[in-house]
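Read through the structure below, which is laid out as structure tokens, and then see the notes.
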There are 2 protein chains.
Amino acid sequence: MVTAPSESQRNRRPSMLDVAQAAGVSKAAVSKVIRNAYGVSPEMRRKVELAIETLGYRPSVAARSMRGASFTIGFEIPQLGNDFFTQVMQGAADELAGSGYQLIIAPAMGEVKGAPVLDALVDRQVDGFVAISPEVEPEWLERLGKTIPIVLLGRHDKSTNYDTVTNDDAAGARLVMDHLIELGHRDIAHLTIHAYPQAAENLVPHEIRRRVYAESMSRKGLDARVTYSGPLEPDAYQAAFRLLSEPNRPTAVFAANDTLAIGALRARTELGLTAEELSIVGYDNIDLAAHPIVSLTTVDQFGRESGAKAIRLLLDRIQGRTEARHEMITPELRVRASSRFATMQLF
Amino acid sequence: MVTAPSESQRNRRPSMLDVAQAAGVSKAAVSKVIRNAYGVSPEMRRKVELAIETLGYRPSVAARSMRGASFTIGFEIPQLGNDFFTQVMQGAADELAGSGYQLIIAPAMGEVKGAPVLDALVDRQVDGFVAISPEVEPEWLERLGKTIPIVLLGRHDKSTNYDTVTNDDAAGARLVMDHLIELGHRDIAHLTIHAYPQAAENLVPHEIRRRVYAESMSRKGLDARVTYSGPLEPDAYQAAFRLLSEPNRPTAVFAANDTLAIGALRARTELGLTAEELSIVGYDNIDLAAHPIVSLTTVDQFGRESGAKAIRLLLDRIQGRTEARHEMITPELRVRASSRFATMQLF
DNA sequence: ATGAAAGCGCTAACAT
DNA sequence: ATGTTAGCGCTTTCAT
């Protein structure tokens, strides 16, 4: 599979030694100039900078980070193409701009999720990382957190070795359910993604939303209907299509995130149904939700802000903080055209 | 700005030496086991693997890449949140899955675009990178290409030191214009992003599309109307809103990419116009374009395929190929509901 | 203010 | 089959 790359007749990049020789000084001197360290004469600085310039020298991060920092921040996302994650990354990238740190994003590739990517990031000497990994085990993270600064997004565990930024998923889900019930809906289905094997312990956003859904339903004496699908829009479309094709289709769908809601919207449209016949509510408030052709009722969980907050916590930790911090963001309902009053039931 | 991270009381990761000592062997032996190199007895392998396991040892990529490869592929994107780029990344990520290489994505952050990020990638010892950087100068890339394998997406220059994967933008734009003219449109506006200062030399996709637009118009004796906006959907929305609010609004808009087209669609919807009154055609065929609530006529330029192809070329180059390869993808028109016959003109 | 030299964690060439 | 050793490019004492 992996074959060693041929370094054949490639031009070698100039090293610090090359610069030192070109400037007629020592490596240590060059290093000091680069790091703005104490004790360099203007004359020395001039010479060295000239040599750097003419040789087009750039320090090797790999070599540097063997001693100190790499000034690289990792960001793991479970999936490419989820607009909410994109929002979070935008917030992170903006927050990091001009900080001197470089952001690198590592998508969990293929079937392998979570931990391997985080390892890969750590192996690459990032100074810390932000992750959206509901699937990794807390114990594993606790251990890793002793080694490197970590901020986890969307996890409700109260860790001691890493920070978390979460959204109050229970409150958000309640906003949705209250909204739908107020609109008179009684047959509300929940569309969510397959549960992770180890998600049992109440820590994962989708799991919390599902539970609140179930509780809200049973409290009103209504029957819960949960439909599971894959995480992508086409998956949700198919699942929703099947659900809505059933003879006793629900009058409302609470989709556990906006990507799923968009899939449900496609199914609704293709089946010739309107918001009057089927309300759809999502979760995330992706940018597209506010688009008038979509106009999706959803829960705003402030993705950009979360991303920015995560970066701030991480930089803090990199600066030396060791006690864990756990920030919770309060979500808000955005009512739009995709949810309507329940129409007359025929029974 | 940048302060050195405190390495305070962090746990050090075990090094190869730790493993060697724990197993009672030499570092070289450990290295050989890790790399599956020739000459390790089953007994040795067992001991070493046990030590690795119990210590939780992971090799440092930084140290490794100082000698050989880092098995890391970089992917630069100019912008977070453009669905077409996401498509390309998905193609790349899928192609790379299981190859032993880790993909890291570096978004061009803040106002600084292009080159600095590529430098950052190279500094981090990637074994090669794919970039979507219309803004960097070819000469600069030619020089860098001598140092490291590079594949550029969407650039039409015939480089000798890096590969390119492009879409036939001229053909694609012609598909759009022919389509709109066939539908009877005569007042067609073009919505595109601000030209880059150095984009003059015909190499950049949007520039090519704009030129074909202008040529098509003048060939038919029609007046060209080009509106420029920023790259994001809200930018396009605003620009389109102004354009469509003019007394003599066009009957069709050719948006230079789908993100812009979605913005135009928002403006059209908010102004209460329908496809009958204003046709909109995009470029890219992002997934959303096929959604029935959007149903955007657009040009499919096979993003996932491009991403996959770029990775294949890159891995090739990493294996040793040195002659440049330039692959061109032929785009296809996808006619959907956003474009209609031009309605009666009042003049 | 400047430089020599040790060492970071690894690989690879060379012994044994 | 296994170990020794010399770097890779940098930072960091410690001399000068």
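All chains are named by letter (A, B, ...) in the order of the sequence lines, taking the proteins before the strands, and each is independently numbered beginning at 1. This is a predicted model, so every value here is computed, not measured.
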* Within this structure, what is the CZ-to-P distance between B/Arg124 and D/dG9, rounded to whole angstrom? -> 18 Å
* Structure fact -> Nearest heavy-atom approach of B/Ser60 to A/Gln125 is OG-OE1, 3.6 Å
* To do: State whether A/Arg67 places a side-chain N or O below 4.0 Å from either non-bridging phosphate oxygen (OP1 or OP2) of D/dG9.
  => no
* Asked: How close or far is atom C1' of D/dC10 from atom CZ of A/Arg13, stated in whole angstroms?
  -> 13 Å
* Can you sort out the partners of B/Leu17 under side-chain contact (heavy atoms from CB on, under 4.5 Å), two or more places apart, ordered by chain and number? => B/Ser15, B/Gln21, B/Lys27
* Asked: If we fit an axis to the first five pairs and another to the last five of the helix from C/dA1-D/dT16 to C/dT16-D/dA1, what angle do they make, to the nearest 10°?
  -> 40°
* **Start and end of the DNA chain C segment that chain A contacts, any atom under 4.0 Å from a heavy atom** => C/dA1 to C/dG9
* salt bridge (Lys or Arg N to Asp or Glu O under 4.0 Å) contacts in which one or both residues fall within residues 47-56 of chain B, not counting sequence neighbours -> B/Arg45-B/Glu49
* Asked: Would a distance-only check, ignoring hydrogens and angles, find a side-chain to backbone donor-acceptor pair under 3.5 Å from B/Glu76 to B/Ile132?
  -> yes
* Would you find a donor on one side and an acceptor on the other, under 3.5 Å apart, between the side chain of B/Asp163 and the backbone of B/Arg325? -> yes
* Please identify each residue that fulfils salt bridge (Lys or Arg N to Asp or Glu O under 4.0 Å) with B/Arg304, with sequence neighbours left out. => B/Asp287
* To do: Starting at atom CD of A/Gln21, determine the distance to atom C1' of D/dG9, rounded to an integer number of angstrom.
  => 13 Å
* Looking at A/Arg64, does any N or O in its side chain come under 4.0 Å of the phosphate oxygens OP1/OP2 on D/dT11? -> yes
* Expected output: side-chain B/Ser133 to main-chain B/Ala131 donor-acceptor under 3.5 Å -> no
* Among all residues two or more places apart in sequence or in another chain, which pass the side-chain contact (heavy atoms from CB on, under 4.5 Å) test with A/Ala28? -> A/Ser26
* Please list residues of residues 42-59 of chain B whose heavy atoms come under 4.0 Å from any atom in DNA chain D, ordered by number; otherwise none. => B/Met44
* To do: For B/Met16 and D/dT5, give me the distance from atom CE to atom P, rounded to whole Å.
  => 18 Å
* For A/Met66, what residues pass the side-chain contact (heavy atoms from CB on, under 4.5 Å) criterion, not counting sequence neighbours? -> B/Ala62, B/Ala63, B/Met66
* To do: For A/Arg312, check salt bridge (Lys or Arg N to Asp or Glu O under 4.0 Å) against everything at least two apart and list the hits.
  => A/Glu95
* With sequence neighbours left out, write down each residue that passes salt bridge (Lys or Arg N to Asp or Glu O under 4.0 Å) with B/Arg155, or none if nothing qualifies. => B/Asp157
* Structure fact -> Sorted by chain and number, sequence neighbours left out, side-chain contact (heavy atoms from CB on, under 4.5 Å) with B/Arg46 holds for B/Glu43
* Please name the pair of heavy atoms, one in A/Gln90 and one in B/Leu80, separated by the smallest distance, quoted to 0.1 Å. => NE2-O, 2.8 Å
* Asked: Distance check: side-chain N/O of B/Ser26 vs OP1/OP2 of D/dG3, anything under 4.0 Å?
  -> yes
* To do: Report the residue (B/Tyr38 or A/Ser31) whose heavy-atom-nearest nucleotide on DNA chain D is the more 5′ of the two.
  => B/Tyr38
* Structure fact -> Taken to the nearest whole Å, CE/B/Met66 to P/D/dA6 is 17 Å
Can you tabulate the close N/O pairs, meaning under 3.5 Å, that link protein atoms to atoms of nucleotides 13-16 of chain D?
none

* To do: For A/Arg321 and A/Leu313, indicate whether the former's side chain and the latter's backbone hold a donor-acceptor pair under 3.5 Å.
  => yes
